Each structure stands twice: as C-alpha cells, then as structure tokens.
Amino acid sequence: TTRSEIQETDSMQHGGRPTKELPRILLKRNRQSKSFRDGSQLVFSGSIDKVPSKIAMGDLVQVEVPASDDPNNKNTQLVGWGVYNPESMY
C-alpha cells in the first residue's frame, strides 16, 4: 500500500487525520526530516523530536512535522504513517 492510498482510504474526509487515533511521532523541522517530507520512506533518529511514552515496537504511528519554523506556532502537518521501530539502524 502506498502512502497516497493510505491517505485516500483513511483520512481524506477527516481533515488529514485517520479516523482512529494513532500515536503521533513529531519530527523536527530540520535537514534530516526534509528528506522524509520530500518523499523518502525513512525517518532518521536525528529528525525525531517527540515520541509518545506508551508506544511499542511494531505500532502503527502517524508522522507529523511542525507546520512552520515559528516556535510559537503549535500546528502540525501530517506527512505520513509508518511502523514504529526504535531499534532500527536508521
């Protein structure tokens, strides 16, 4: 399943968010997360800002980035979904 297929089936009619609440991984808005925001399938550890405390390996997660570089802006932008693996070598 591609990212676009997931978006179409899960969220297009729900404001860009899946109908079921998934754990949210927040990325930093930096050079390392730019490759993911540009379509890469990998999220590098240096680009992760926040991970929920109650999350297990293999959980389906929602990946978001801050909507802007302004630290006062708390809005986020959904960029994809993935399977959480804290032991990944990436």
Side-chain angles (χ1 to χ4, degrees):
T1 303
T2 66
R3 185 182 339 197
S4 62
E5 289 170 344
I6 293 171
Q7 288 174 339
E8 287 176 12
T9 58
D10 285 346
S11 70
M12 293 307 279
Q13 296 180 3
H14 301 283
R17 296 190 188 277
T19 54
K20 178 183 174 191
E21 280 298 315
L22 296 175
R24 294 168 49 193
I25 303 294
L26 182 64
L27 302 183
K28 299 173 186 172
R29 225 178 149 77
N30 62 13
R31 182 175 51 97
Q32 291 170 321
S33 71
K34 184 167 179 5
S35 65
F36 182 78
R37 290 182 282 136
D38 288 343
S40 172
Q41 297 177 2
L42 300 175
V43 174
F44 297 96
S45 61
S47 65
I48 298 174
D49 190 24
K50 294 181 184 174
V51 175
S53 59
K54 295 181 181 180
I55 187 171
M57 182 185 299
D59 282 353
L60 184 62
V61 296
Q62 183 169 303
V63 182
E64 300 179 6
V65 294
S68 74
D69 290 327
D70 180 0
N72 296 319
N73 183 351
K74 300 300 180 196
N75 294 327
T76 61
Q77 176 184 6
L78 176 65
V79 291
W81 295 269
V83 176
Y84 182 68
N85 182 0
E87 296 179 12
S88 173
M89 297 303 289
Y90 294 98

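Just so you know, these numbers come straight off a predicted model, no measurement behind them.
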Just to verify, which of Leu27, Leu22, Thr76, Leu26 counts as forming a side chain to side chain contact (heavy atoms under 4.5 Å, CB included) with Val63?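 The single option meeting the side chain to side chain contact (heavy atoms under 4.5 Å, CB included) with Val63 is Leu27.
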For [X], what residues pass the side chain to side chain contact (heavy atoms under 4.5 Å, CB included) criterion, not counting sequence neighbours?
X     : answer
Pro71 : none
Asn72 : Asp70
Asn30 : Lys28, Gln32, Ser33, Ser47

At what distance, to the nearest 0.5 angstrom, does CD of Glu21 lie from CD of Gln62?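 Glu21 atom CD to Gln62 atom CD measures 7.0 Å (nearest 0.5 Å).
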>> I need the Asn85 CG to Asp59 CG distance, nearest 0.5 Å.
In response: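 One gets 11.0 Å once the value is rounded to the nearest 0.5 Å.
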Stepwise, does the side-chain contact (heavy atoms from CB on, under 4.5 Å) test hold for Ile55 with Val61?
CA-CA 9 Å; Ile55 187 171; Val61 296; 3.3 Å; yes
Identify the heavy atoms of Arg24 and Pro52 that sit nearest to each other, and give their distance.
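That would be O-CD, 3.3 Å.
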